**Q** 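Structure incoming, see below.
Keep in mind that this is a model prediction, so the values were computed, not measured. In what follows, chains carry the letters A, B, and so on, assigned in the order in which the sequence lines appear, proteins first and then strands, with residues in each chain numbered from 1.
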There are 2 protein chains.
Amino acid sequence: MRLNQATDYAMRAILYLSGLPYGQVIEAKLISEEERIPIRFLLKILRLLIQANIVQSHRGVNGGYSLAKPASAITMLDVVEAVEGPIAINRCLHSPEECNKFFSKHCPVHEALFEMQECMKEHLGRYNFQMLRERVK
Amino acid sequence: MRLNQATDYAMRAILYLSGLPYGQVIEAKLISEEERIPIRFLLKILRLLIQANIVQSHRGVNGGYSLAKPASAITMLDVVEAVEGPIAINRCLHSPEECNKFFSKHCPVHEALFEMQECMKEHLGRYNFQMLRERVK
DNA sequence: TGAAATGTTTACTGAAAAGGTATAGTTTAT
DNA sequence: ATAAACTATACCTTTTCAGTAAACATTTCA
C-alpha cells in the first residue's frame, strides 16, 4: 500500500521543473544532483514521463528536459499513473477475473475499496504542480 | 499501490465470520473452503488477526475461530493495519530518515500525500463489518 | 487414557517486483 | 568531427509476495 520510490522521485523532478520559467530546458544530471536521485534511474523515470506527455526531451548538445505543458495542467494523479500505471487498490478492481471469490456488485468489501480508490484519485487529481510549487516558497 | 492478497483474504474471512451468530466458533477449514483461501495461508493470516485482537482462537477438538468483538466494532482499517502494519503511502511518511531529499514541513508533495493518507484512513475507518455484512443481503 | 481434531510455531521456497546499473548506441550544436 | 546530451535494451541484486511444510501443543470425548 505504498507508492514506489520511482513515483516519489518523479514528483520531485516535476516539482523541480515546475520551479523553472516555463519552457526552460535542463539536463537530467542537474535534476539528479539537486534532487538526489540516482542519474540512471532518473533517466528511466523521465522516459515514462515523456510517454505520458508530461515532460519533453531535447536531444543533442544543450539538450535536456522540460515540462510538456504548464505546471498548472499536471496533477499528482497524472504523475502517479505515468509511473505506476492505473491505480488499482485491489487485484479485483484491476481485473475482475483475478478475483478468486466473488467480484460482483454484491461484494461489499470490494465495493468499499472501490469507493476509496475513487476518493484517492479525486484527491490526487486536485493537486497540480503550480499549486504545489507555490507551497514551496 | 495495492493492498496485499492477504489483506483481501483477511477481509473476506472477517466478513464471513460477521455473518455468523456472534460468538460462534468455526474451524479454519470451513472458512478456507467457503472463501476459497488456501488453508495454510489463511491460518497464517488468522494469526495476525488474533494478534490484533480481531479474532479469537479456540484450540483442540471443536476448536476454531470466532470474532473477538462484535462486527460493528471492527473496521476495514483495523483489518488492513492488522495484516499490513500501519498505512504509509510513502516511505518518508513512515520514517523521515528514509527521505533522501527533504522530509520537512516544506515539502509540498509529501504534505499532499500525507493529507491523502489521512483521508484514506478515515475512509477505511468508517466501514465496519456489520455495515458491510448488511450490504451482502 | 489415548486418539483424533483442532490450532501454533518456525522455517522454507519459488516467483515477481522494486530499485538500480551497464553498455552500446543516436542526435545535435558548434 | 566531436562532445554533450538523450535512448534503448538488457542485466543484476535485494526484498516482498504468496504460499507450503513439518513438527508440535492443546482439547475433547469415546
**Q** Expressed in angstrom and rounded to an integer, what is the separation of B:Ile45 atom CD1 from C:dT8 atom P?
**A** 14 Å

**Q** For residues 35-57 of chain A, pull every pair meeting ring-ring contact (aromatic ring centres under 6.0 Å, His included), keeping only residues two or more places apart or in separate chains.
**A** A:Tyr9-A:Phe41

**Q** Is any side-chain heavy atom of B:Met120 less than 4.5 Å from a side-chain heavy atom of B:Ile89?
**A**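 Touching, per the 4.5 Å side-chain cut-off.
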
**Q** Taking A:Arg2 for the side chain and B:Met1 for the main chain, is one N or O donor matched with an acceptor at less than 3.5 Å?
**A**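 No: the side chain of A:Arg2 does not pair with the backbone of B:Met1.
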
**Q** Does anything in residues 48-57 of chain B come within less than 4.0 Å of DNA chain C? Heavy atoms only, and list the residues if so.
**A**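 Within this stretch, B:Ile50, B:Ser57 sit under 4.0 Å of the strand.
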
**Q** Which residues pass the side chain to side chain contact (heavy atoms under 4.5 Å, CB included) test with A:Ala82, sequence neighbours left out?
**A**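 So A:Ala82 forms a side chain to side chain contact (heavy atoms under 4.5 Å, CB included) with A:Leu49, A:Ala52, A:Ile54.
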
**Q** Check side-chain hydrogen bond (donor to acceptor under 3.5 Å, both in side chains) between A:Glu81 and all other residues, then give those that pass, not counting sequence neighbours.
**A**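 Counting only residues at least two positions away or on another chain, A:Glu81 forms no side-chain hydrogen bond (donor to acceptor under 3.5 Å, both in side chains).
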
**Q** Quick check: on DNA chain D, is the nucleotide nearest A:Glu27 upstream (toward 5') of the one nearest B:Asn4, or the reverse? Name the residue that is more 5'.
**A** A:Glu27

**Q** Mind checking whether A:Ile50 and A:Ile39 sit in one hydrophobic cluster, side chains of I, L, V, M, F, W, Y counted as touching below 4.5 Å?
**A**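 A:Ile50 clusters together with A:Ile39.
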
**Q** Do the side-chain N or O atoms of B:Tyr9 get closer than 4.0 angstrom to the phosphate oxygens (OP1, OP2) of D:dG19?
**A** yes

**Q** Figure out the CG/C1' separation between A:Leu46 and D:dC6, and round it to whole Å.
**A** 10 Å

**Q** B:Ile26 CD1 to C:dT6 C1': how many Å, rounded?
**A**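 About 14 Å, once rounded to whole Å.
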
**Q** Side chains of B:Leu132 and B:Met76: closer than 4.5 Å at any heavy-atom pair?
**A** yes

**Q** Tell me every residue that passes side-chain hydrogen bond (donor to acceptor under 3.5 Å, both in side chains) with B:Glu122, counting only those two or more places apart in sequence or in another chain.
**A**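 Result, side-chain hydrogen bond (donor to acceptor under 3.5 Å, both in side chains) vs B:Glu122: none returned.
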
**Q** What residue pairs, at least two apart or across chains, pass side chain to side chain donor-acceptor pair (under 3.5 Å) with a residue in residues 57-79 of chain A?
**A** A:His58-A:Ser66, A:Thr75-A:Asp78

**Q** Are A:Asn90 and A:Leu113 side-chain neighbours, meaning at least one heavy-atom pair lies under 4.5 Å?
**A**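 Yes, at least one pair of side-chain atoms sits under 4.5 Å.
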
**Q** Could you check B:Glu115 against B:Lys121 for salt bridge (Lys or Arg N to Asp or Glu O under 4.0 Å), going step by step and ending with a plain yes or no?
**A** CA-CA 10 Å; B:Glu115 284 169 27; B:Lys121 284 167 71 171; over 6 Å; no

**Q** Sequence neighbours left out, cut at 3.5 Å: what donor-acceptor pairs do the side chains of residues 13-31 of chain A make with other protein atoms?
**A**
{"unit_1": "A:Ser18", "atom_1": "OG", "unit_2": "A:Ile14", "atom_2": "O", "d": "2.7"}

**Q** Provide a list of protein-nucleic acid N or O atom pairs under 3.5 angstrom, restricted to nucleotides 21-23 of chain C.
**A**
{"unit_1": "C:dT23", "atom_1": "O4", "unit_2": "A:Arg40", "atom_2": "NH1", "d": "3.0"}

**Q** Rounding to 10 degrees, work out the angle separating the end axes of the helix from C:dT1-D:dA30 to C:dT30-D:dA1 (five pairs an end).
**A** 0°

**Q** Expressed in angstrom and rounded to an integer, what is the separation of B:Asp8 atom CG from D:dA18 atom P?
**A**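 My rounded result for the distance is 10 Å.
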
**Q** B:Gln5 CD to C:dA17 C1': how many Å, rounded?
**A**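 After rounding, the reported distance stands at 16 Å.
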
**Q** Name every residue in residues 75-82 of chain A that has at least one heavy atom under 4.0 Å from any atom of DNA chain C, in order of residue number, or write none if there are no such residues.
**A** none

**Q** Atom CG of B:Leu42 to atom P of D:dT20: distance rounded to whole Å?
**A** 12 Å

**Q** Could you check whether any side-chain N or O of B:Gln56 sits under 3.5 Å from a backbone N or O of B:Ala68, counting only pairs where one atom can act as donor and the other as acceptor?
**A**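 No; zero donor-acceptor contacts below 3.5 Å.
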
**Q** Do B:Met116 and A:Tyr127 make a side-chain contact, defined as non-hydrogen atoms from C-beta onward lying under 4.5 Å apart?
**A** no

**Q** Would you say A:Asn4's side chain and A:Thr7's backbone share a donor-acceptor pair under 3.5 angstrom?
**A** no

**Q** So which protein N/O to nucleotides 26-28 of chain D N/O distances come out below 3.5 Å?
**A**
{"unit_1": "D:dT27", "atom_1": "O2", "unit_2": "B:Val61", "atom_2": "N", "d": "3.3"}

**Q** What's the CD-C1' distance between B:Glu84 and D:dA18, to the nearest Å?
**A**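 My rounded result for the distance is 13 Å.
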
**Q** Nearest-nucleotide wise, let me know which of B:Met1 and B:Ala28 is further upstream toward the 5' end of DNA chain C.
**A** B:Ala28

**Q** Send over the distance from A:Tyr65 OH to D:dA4 P, rounded to a whole Å.
**A** 17 Å

**Q** A:Glu134: what forms a salt bridge (Lys or Arg N to Asp or Glu O under 4.0 Å) with it, not counting sequence neighbours?
**A**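 A:Glu134: no salt bridge (Lys or Arg N to Asp or Glu O under 4.0 Å) contacts found.
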
